[in-house]
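So the structure is just underneath, and the comments pick up after that.
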There are 2 protein chains.
Amino acid sequence: MSHLLKNFKLKDNFFGKYEKLVVEQVIPYQEKALRDEIPEAEKSHAIENFRQAAKMLAEGTCDGEFYGMVFQDSDVAKWLEAAAYSLVNHPDKELETRADEIIALIGSAQHKDGYLNTYFTVKEPDKKWTNLQEAHELYCAGHLIEAAVAYYEATGKDSLLNIMKKNADCIYKRFVEEKAEGYPGHPEIELALMRLYEATGEKKHLELAAHFINIRGVDADFYKKETARKGWQVWGMNADDTEYAQNQAPVRELTKATGHSVRAVYLYTGMAHLAAETGDEGLVRACEVLWDNITKQRMYVTGGIGSTNLGEAFTKDYNLPNDTAYAETCASIGLMFFARRMLNIKKDSRYADEMERALYNTVLAGMQLDGKRFFYVNPLEVIPGISGEAVTHRHTLPQRPKWFGCACCPPNVARTLTSIAEYAWSETENTVFSHLYVGGELDLMDSKGAKLHVETGYPYDTNVVYRVETKEEQTVNFTLAIRLPGWCKKINVKVNDATVCMKTEERGIEVTKEVRLENGYLYISREFADGDTINCYFSMHGERIYANPAIAANNGKVALRRGPLIYCVEGVDNEEDVLGLSVCDGKIATEAYQPELLGGVRVLKVPGVRAKRTDDLYLSKKPEQERVTITAIPYYAWGNRGLNEMRVWLPEA
Amino acid sequence: MSHLLKNFKLKDNFFGKYEKLVVEQVIPYQEKALRDEIPEAEKSHAIENFRQAAKMLAEGTCDGEFYGMVFQDSDVAKWLEAAAYSLVNHPDKELETRADEIIALIGSAQHKDGYLNTYFTVKEPDKKWTNLQEAHELYCAGHLIEAAVAYYEATGKDSLLNIMKKNADCIYKRFVEEKAEGYPGHPEIELALMRLYEATGEKKHLELAAHFINIRGVDADFYKKETARKGWQVWGMNADDTEYAQNQAPVRELTKATGHSVRAVYLYTGMAHLAAETGDEGLVRACEVLWDNITKQRMYVTGGIGSTNLGEAFTKDYNLPNDTAYAETCASIGLMFFARRMLNIKKDSRYADEMERALYNTVLAGMQLDGKRFFYVNPLEVIPGISGEAVTHRHTLPQRPKWFGCACCPPNVARTLTSIAEYAWSETENTVFSHLYVGGELDLMDSKGAKLHVETGYPYDTNVVYRVETKEEQTVNFTLAIRLPGWCKKINVKVNDATVCMKTEERGIEVTKEVRLENGYLYISREFADGDTINCYFSMHGERIYANPAIAANNGKVALRRGPLIYCVEGVDNEEDVLGLSVCDGKIATEAYQPELLGGVRVLKVPGVRAKRTDDLYLSKKPEQERVTITAIPYYAWGNRGLNEMRVWLPEA
């Protein structure tokens, strides 16, 4: 059972605000949506579907219908998972009681053999398991398993866990014991079963996860055969497009991240989790190759993945258009999942670097600062009149849409931001790994009540302070392994005022004998006494970054970064004309913290020029230019001040 | 009857080669394709469809089927039109005999009432006129009318003309006399009827063209109503998307060029032709507004139009992506049509400037230099591995595909390049307008055998020489109006060695009293004697051009131009790495003519830098750069030397 969720108390100015929003706004709103209690919203019917399924099982008939997407059950699951996490640090008896009732309802919608899916129970009882490609039975099971694990870890209550263990047994019987063919169209159950295995320790759960991972793509024609025999369809998906569902080859032979990007990273997460558990070398290697393909050829500078709305998918290496990007919020969340599991294979800071990139940029951009609206799609360039309007840009909305009913991204953001501890930390035996820098206090395992306090103004301030607190003047022996962020050019780490690690541009990283540097982590092992303090200085300043020239969309352009944050330029700060702007050489002028702006951001001011628009399309002379100061804000905060132009990559003058 | 086609003898090094290719390669190949005589090609069946229709009419039954697209008849029409033009300067008795046979066959497929369409005659005799939105009856009629006019003008034979007059009468009866509702889904018949009117002088033809133009969009819901009642479909097109078929409003109220770009410019061509004929002010104004919208907001620097493959359509103002451009060859041909008719409304050189841009860049790029392969889609950036492969780039093929069967662009290129006289010249009363600079000799109208000779090495050489030849030392009084190209910064025009017009960067255009300058045309009126010579010097040099900053795809970038030609940079000339290149300030180094390269081109050498590709996607330092000389070739000649990167717009270093 995961120790971190329960034992880390978030006390962080930055994430605290997000957590508060999710607990106070997002989770209650979503519950109302699931219960069809929001008058202006399209009805969800997700909880009513469970009621109808329960009635069907109890009475052989029901008085309503199934309504919604074939995967409507997963909306309830994701909400339960987010609610579970929120209960850890924000106990709420009434919420817990309502969650328990929903769990009881889920239990009463479960068949005697463990089968659980309201779509098939209510609407298509004769078609169970006939459409693995489209019908999301295993996907919904996966999300309910994740909810079960989360609820168990958060509350200690095992009723949903038992329901989902029974469901997992039902699936095991069919696919392992009875050797039914096939694998899920939308990966998810693999990563969920691995979490279930972690929670229960039952080998069957690991075995079932391994089964779905190992069988995938072995028969690349499975969906074609299924299509030929099934006689019904959900959306009429193309079974020939094996790349879409990552079944073009057995998973150990995959070399490119392809297809639907959420499916892809969910699958790779399951693979990495299994590989970390089993040490399977072929699987480890495949995960590394896929990770490298994403992060070295197919990822936006904001940590967004999936270049196209057509199939919400990866396209080809280095094809990263800014204005038509899909870069789904859920896909970046999935990239965080994948990173977290890669860290369990190998503690290498590059995994955490990209996890941090995805979190602080695309994932946070997914939610409006007031928690009320969400981006599913996260373009790097927006032009009113084109974005959201041109037929090629219908998906790149220039403002976050109202969130009606339930859907994937909002609850995914909610569950991620309420379980930040699981990404910030990991533990092995005697070592505590600090992957992300999040303020709070962590109860140290098996350490007689010792705690590790973290104080930081990250991502805007340069210092992260770790302080050990022990009880009754005891000491505690452990290793603290701190990630040294890859983006940072100057680092100074002190243990009780003695420098143990320095990074400079001239000399790179140097460490003293007391500490160890390995794969980007600084290992500090000692008998920690009460009050021992580790002070990390991670130099931050606004700077220009560049793209590999292989990315056609960004040739001749620069982006702006400060620390982990990627910046963007919005019209509202720049006389409503961003397209004419180019960045000049020279110092970033200021980087003042503005507490009143956008919930508190550091604004970059950069010397630039603006080319004036003209009446003609093409000119034989360079358009007239004027010197300007360009104002840039963090990408995560864009789109909170009305419709305007936005750009991450600007030409360099 | 058009005088120009018959009376201009092309003697031009540049277009001569194209005409030869079309006459010797394209037209014979296409005829074989129409006759299903190309073993490896998908069958066309277009001529066989007429045979089956004739049989059906004669015997009440047929022994075969209709095969192909619903508009398969138009393939025969376009071929006949190109063949007609080719017969003017390249008489070929056998070709003419075969064309006559095909015309006779077309006649025998015509119903007694004049109706003519093989799809409906053979396959759907009960569904005539029930699906104007999709079924292309009026579109096919339009192309057959164009063929009839061309064949009549080229050969003097009126059999096809009479067939199509009868067909036009049948359409007139239905839509004008019997007041049947509706207008064509694909405009074409409007421009064709205007040509028919020009050839026959029959008011009915003008009236029918005006009817279809005036009725369009008056009932914007017509296709919705038709869809509701028709009970069958060709492709299931969306009747709600009125912008697609330009029926969102009555044509006089249109302000934006929208929807399928070929349909759009075909419609606007018909409108402009009608407006030129009638002087209808509302229609003139609408044409001007639409022209401006295209050329000032929605056109590529290559004269390509239609930014997206989704509907082969215009999108929004300033949305001109380079790599996913559709820019269909046929749409640029349609832009030439539109320009030509605008010139009949007003002799303003900006129409001819854009006609020239479309012709020398996108239209010519449509055909491989050996005449064997064709681009339908003309992107401004191509990257092997992405272009033609990514799901968003399937249409932007990096090499011209083999031309199987019949389709729109190849025969459209063929008919345009064989009727270049119709674009190069126009005549009003006593004035000959030279819109394009094409070598050859033009018989002057009503001028006792006088001729105007044109000698030029355009588009590579700077001089265009017009020489008058009269018979028996007579003089001939007329006005020669020569377009002064808008792209040209230095001009010198001499009449018999006396300068009459100068353009300099400092002083603009100055003319002497003997000549007149109006809307970009230089009017030289005199009693021309035998041997009188007008020598135009149009300064050409390689230069950088810029885009309006409103075009997001081109901010910070430059393109290269020399004279009317837009240049591009290909991998084969640039160490197979175009994406890393930026253009530096400084002189264009050389612009040598290379007669052996790509059929003879002037190559531009430009100082630049190349940024080296890296292993990482994003870099905190500018990628390493090396100084290079960038080699650029004319855009029309790209893609003739194998798969490689290509770019029109390059970052400015």
Side-chain angles (χ1 to χ4, degrees), chain A residues 295-297 299 301 307-308 310-311 313 315-321 323-324 381 383 385-386 389-393 487 489 543-553 555-557 559 561 577 579-582 610-623 647 650-653, chain B residues 295-297 299 301 307-308 310-311 313 315-321 323-324 381 383 385-386 389-393 487 489 543-553 555-557 559 561 577 579-582 610-623 647 650-653:
Chain A
T295 58
K296 296 189 170 196
Q297 276 104 29
M299 181 184 70
V301 72
S307 301
T308 179
L310 302 173
T315 58
K316 298 287 174 183
D317 289 351
Y318 304 115
N319 177 226
L320 294 160
D323 59 333
T324 56
E381 175 174 294
I383 306 168
I386 296 174
E389 299 194 19
V391 63
T392 42
H393 293 64
W487 53 261
K489 290 173 182 166
E543 55 187 330
R544 292 167 183 75
I545 53 174
Y546 298 83
N548 187 329
I551 304 176
N555 299 139
K557 292 185 179 164
R561 179 178 71 196
D577 178 359
L579 291 182
L581 296 176
S582 298
R610 175 178 287 118
K612 290 196 182 147
R613 299 196 187 187
T614 57
D615 286 339
D616 290 319
L617 267 185
Y618 304 107
L619 317 162
S620 58
K621 280 185 188 155
K622 205 164 180 154
R647 235 181 191 187
L650 278 81
E652 200 176 22
Chain B
T295 58
K296 297 189 169 196
Q297 275 104 31
M299 181 185 71
V301 72
S307 301
T308 179
L310 302 173
T315 57
K316 299 286 175 184
D317 289 351
Y318 304 114
N319 177 227
L320 294 160
D323 59 334
T324 56
E381 175 174 293
I383 306 167
I386 295 173
E389 298 194 20
V391 62
T392 42
H393 292 66
W487 53 261
K489 290 174 183 165
E543 55 186 330
R544 292 168 182 74
I545 53 175
Y546 297 83
N548 187 328
I551 304 176
N555 299 140
K557 292 185 180 166
R561 179 179 69 195
D577 178 358
L579 291 183
L581 296 176
S582 298
R610 175 179 287 118
K612 289 195 184 152
R613 299 197 187 185
T614 57
D615 287 338
D616 290 318
L617 268 185
Y618 304 107
L619 317 162
S620 57
K621 281 185 186 152
K622 205 163 179 153
R647 236 180 190 189
L650 278 81
E652 200 175 21

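Residue numbers begin at 1 in each chain, while the letters A, B, ... track the order of the sequences.
With a 4.5 angstrom heavy-atom cutoff, B/Arg610 does not touch chain A via any of its atoms. Using a 4.5 Å cut-off between heavy atoms, B/Pro651 touches chain A through its side chain atoms alone. Only the side chain of A/Glu381 comes within less than 4.5 Å of a heavy atom in chain B; its backbone stays farther off. Interface residue B/Thr614: backbone and side-chain heavy atoms are both found under 4.5 Å from chain A. In this structure, chain A has no heavy atom under 4.5 Å from any part of B/Thr324. In this structure, chain A has a heavy atom under 4.5 Å from the side chain of B/Lys489, while its backbone stays farther away. Proximity to chain B (any heavy atom under 4.5 Å) is shown, for A/Ser582, by neither the backbone nor the side chain.
Residue A/Leu617 comes nearest to B/Thr295 through the heavy atom pair CD1-O, 3.5 Å, listed as atom of the first residue, atom of the second, then distance.
Of the listed residues (A/Pro549, A/Pro623, A/Gly556), the one with the most heavy-atom contacts under 4.5 Å to chain B is A/Pro549. Ranked by heavy-atom pairs under 4.5 Å with chain B, the first of A/Ala552, A/Gly311, A/Ala313 is A/Ala552. Most heavy-atom pairs under 4.5 Å with chain A: of the set B/Thr308, B/Val391, B/Asp317, this distinction falls to B/Val391. Of the listed residues B/Glu652, B/Lys622, B/Lys316, the one with more heavy-atom pairs under 4.5 angstrom with chain A than any other is B/Lys622. In terms of non-hydrogen atom pairs under 4.5 Å with chain B, the most contact-rich of A/Leu650, A/Asp616, A/Asn555 is A/Asn555. Among A/Pro321, A/Gly385, A/Ser620, the residue with the largest count of heavy-atom pairs under 4.5 Å with chain B is A/Ser620. If you tally non-hydrogen atom pairs under 4.5 Å between each of A/Asp323, A/Ile545, A/Ile383 and chain B, the highest count goes to A/Ile545. The candidate with the highest count of non-hydrogen atom pairs below 4.5 Å against chain A, out of B/Ala611, B/Ala550, B/Ala559, is B/Ala550.
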Run the side-chain contact (heavy atoms from CB on, under 4.5 Å) check on A/Thr315 and B/Ile386 step by step: do they pass? CA-CA 8 Å; A/Thr315 58; B/Ile386 295 173; over 6 Å; no

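Residues passing the side chain to side chain donor-acceptor pair (under 3.5 Å) test with A/Asp577, sequence neighbours excluded: A/Arg613. For A/Ser307, the side chain to side chain donor-acceptor pair (under 3.5 Å) criterion is met by no residue, not counting sequence neighbours.
The line from CG of A/Asn319 to OG1 of B/Thr392 is 5.0 Å long, rounded to the nearest 0.5 Å. Atom CD of A/Gln297 is separated from atom CG of B/Asp615 by 9.0 Å, given to the nearest 0.5 angstrom.
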